[in-house]
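What follows is a set of notes on a single structure, which appears directly below.
We count residues from 1, following the sequence as given. Quantities reported herein were computed from a predicted structural model and do not represent experimental measurements.
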Amino acid sequence: MRLSSPLLRWWQDFFSAAGVALYFNRLTVLGRERLPRSGPVLYLGLHRNGAVDGFVYHRVVPRAEFMIARQLLRSPLGRLFFRGIEVVRDKDGTSPGERAGNRAALQVCLAHLRSGGELAVLPEGTSDLGPSHLPFKRGAARLAQAFLAEGAALRIVPLGIHYERAWEFRSNVEVVVGEPIATDLPAGASEEERTELLHERFTRALEAVGVNVASAEEQARLESLAYAATLGADRSYFSALKAFERGVPPGLAQAWQRLERDCDRLGLARHQGVPLVPLGRAWLYVVAAPPLALLAAAALLLNAPPALLAVAAARRMADARNVVALWRLIVGVPALIAWALLLAALSLAWGAPALFLAYVAVSIAGIAVFYRAKKLAVTVYNLLRGRALRSDLLTLKQGIDAALAHAP
């Protein structure tokens, strides 16, 4: 574990909190009551969206120390944003020296748990936004087995993470806290047998807080249907995903396919894969859309330099969707801070601090309404262009709600 100064730790915590608050419209925690109030605790998290998962999990379990890939800490830039107990993944190197380093990291983890600490591990080792989880490594099970073999009590809690659109600015994210995993083990079992039993339990628990389907096409359909299910309803995105994981009713699947073809024919816009239309009085949407759109646009224009830098960095550096948000944050948050400080200095130099306060107010308000403004813009556009399909879209929404109402 690399030592970090209090100032560096403060900056890393600030960056994590600011990044999550800025990039995501809403972070929801399902099952928060299952979070232990004290350690020792081992958290097992699904890994979807690169290092951004760690930022989000840190907001949910702020006392936890994370096991982290050494690759993230090899450069000064990485050490500026990340900290944790370093391990070397198989894909990054397996030399004798690196394996010895992992054994040392295991001892650091055990010592941290012995002190009553909380530890977070992402057993997939790397992230992917695909239709199913990656193979779970056995390191977490070996760690838990070694600690339990000492006769100490350990609470093990699975965490799932689900993004509406992981790469899009101001989408929603949900973290699911699963049921604690049983830690009782057969007295006569060997170390390897105990490790294997824990690994099987870990796999089942993580699959319970995750969603796994057969293909990317099926995943895209489920995500669109789940997002549609949250519209105008007090329903979590994860609960809808989990219900549709068990199967989409054939009639609903066919209706969705027909509607997608009709929307493509008419050129309707989509928000997160769904062609939105007014669920209530259409005139309210038409009246609300322009002021919110202007406020969101004003916030973007006032912060155009850091926003453009963030977008450019992701386009240049991100090699997959699961690292787009990370590069936008690594570049965008420091650039935004520098931009705000520059504007503050200029406003003071001009003797007009009220201008800077106005900039701050518009920026905060515009970012806050960005998600809603985007939804309203899509809704009004579709209302004007595809009025004939509104009844079909509303019927489909009713079908989604009915299917979920009867879901087990």
Side-chain angles (χ1 to χ4, degrees), residues 1 31 33-47 57 61 63-70 84-127 132-161 176-212 242 245:
M1 185 194 307
E33 68 280 0
R34 300 189 186 110
L35 291 173
R37 296 187 178 182
S38 61
V41 183
L42 175 61
Y43 292 107
L44 306 173
L46 290 174
H47 204 2
Y57 282 139
V61 289
R63 297 189 302 273
E65 192 74 37
F66 283 73
M67 293 187 73
I68 185 170
R70 181 175 295 175
I85 301 173
E86 301 173 36
V87 293
V88 178
R89 301 174 298 183
D90 290 342
K91 72 175 188 175
D92 296 330
T94 56
S95 69
E98 288 168 328
R99 285 194 293 270
N102 281 351
R103 288 192 291 273
L106 173 63
Q107 295 305 314
V108 172
C109 291
L110 291 173
H112 183 67
L113 291 174
R114 290 188 197 107
S115 69
E118 300 181 1
L119 183 69
V121 180
L122 310 183
E124 290 161 280
T126 190
S127 69
S132 61
H133 67 75
L134 299 173
F136 297 121
K137 311 299 182 183
R138 283 170 168 73
R142 293 192 182 97
L143 169 65
Q145 191 282 139
F147 187 79
L148 292 169
E150 299 176 358
L154 177 65
R155 280 171 287 189
I156 307 175
V157 180
L159 302 173
I161 192 164
V176 185
V177 183
E179 296 288 349
I181 300 172
T183 58
D184 57 303
L185 296 168
S190 67
E191 177 181 317
E192 191 58 34
E193 289 171 337
R194 290 156 63 93
T195 297
E196 191 61 30
L197 178 57
L198 284 171
H199 180 70
E200 292 172 0
R201 292 177 184 172
F202 291 2
T203 299
R204 290 195 299 270
L206 286 168
E207 288 178 344
V209 296
V211 175
N212 298 282
K242 201 64 178 173
E245 178 192 38

Audit row: Ser190, Glu196, side chain to side chain contact (heavy atoms under 4.5 Å, CB included) steps and yes/no: CA-CA 10 Å; Ser190 67; Glu196 191 61 30; over 6 Å; no

Val108/His112 under side chain to side chain contact (heavy atoms under 4.5 Å, CB included): CA gap, chis, key distance, verdict: CA-CA 6 Å; Val108 172; His112 183 67; 5.5 Å; no

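For the pair Phe136 and Leu46, the minimum side-chain heavy-atom distance is below 4.5 Å. Side-chain contact between Val61 and Val157 is absent, with no heavy-atom pair separated by less than 4.5 Å. Pro158 places none of its side-chain heavy atoms less than 4.5 Å from the side chain of Arg201. Between Val121 and Lys137, every side-chain heavy-atom pair lies at or beyond the 4.5 Å cut-off. Annotation: side chain of Arg138 is not in contact with side chain of Phe202 (no heavy-atom distance under 4.5 Å). Counting heavy atoms from C-beta on, the side chains of Met67 and Cys109 come closer than 4.5 Å.
Residues Leu113 and Pro40 come closest through the heavy atom pair O-CB, 3.3 Å. Scanning all heavy atoms of the two residues, the minimum distance from Ala182 to Leu198 falls at O-CD2, 4.3 Å. Contact detail for Arg37 and Arg63: the closest heavy-atom pair is O-NH2, 3.2 Å. Of all the heavy atoms in Ala144 and Ile156, the pair that sits closest is CB-CD1, 4.1 Å. Shortest non-hydrogen contact noted between Tyr57 and Leu159 is OH-O, 3.4 Å. Nearest heavy-atom pair, Gly178 versus Arg34, reported as atom, atom and distance to 0.1 Å: O-CD, 3.2 Å.
If you take CD on Glu86 and CD1 on Ile68, they are separated by 8.0 Å, rounding to the nearest 0.5 Å. Rounded to the nearest 0.5 angstrom, Ile85 CD1 and Phe66 CZ are separated by 11.0 Å. Note: Ile181 CD1 to Glu200 CD = 12.5 Å, rounded to the nearest 0.5 Å. To the nearest 0.5 angstrom, Gln145 atom CD is 10.0 Å from Glu150 atom CD. Here the CG-CG distance, from Leu143 to Leu44, works out to 9.0 Å after rounding to the nearest 0.5 Å.
Salt bridge annotation for Glu245-Lys242: present, with a cationic side-chain nitrogen under 4.0 angstrom from a carboxylate oxygen.
Applying the side-chain hydrogen bond (donor to acceptor under 3.5 Å, both in side chains) criterion to Arg142, with sequence neighbours excluded, gives no partner residue.
A donor-acceptor pair shorter than 3.5 Å can be found between the side chains of His133 and Glu207.
Crowding of Glu191 atom CD: a count of heavy atoms from other residues, nucleotides or ligands under 6.0 Å not exceeding 12.
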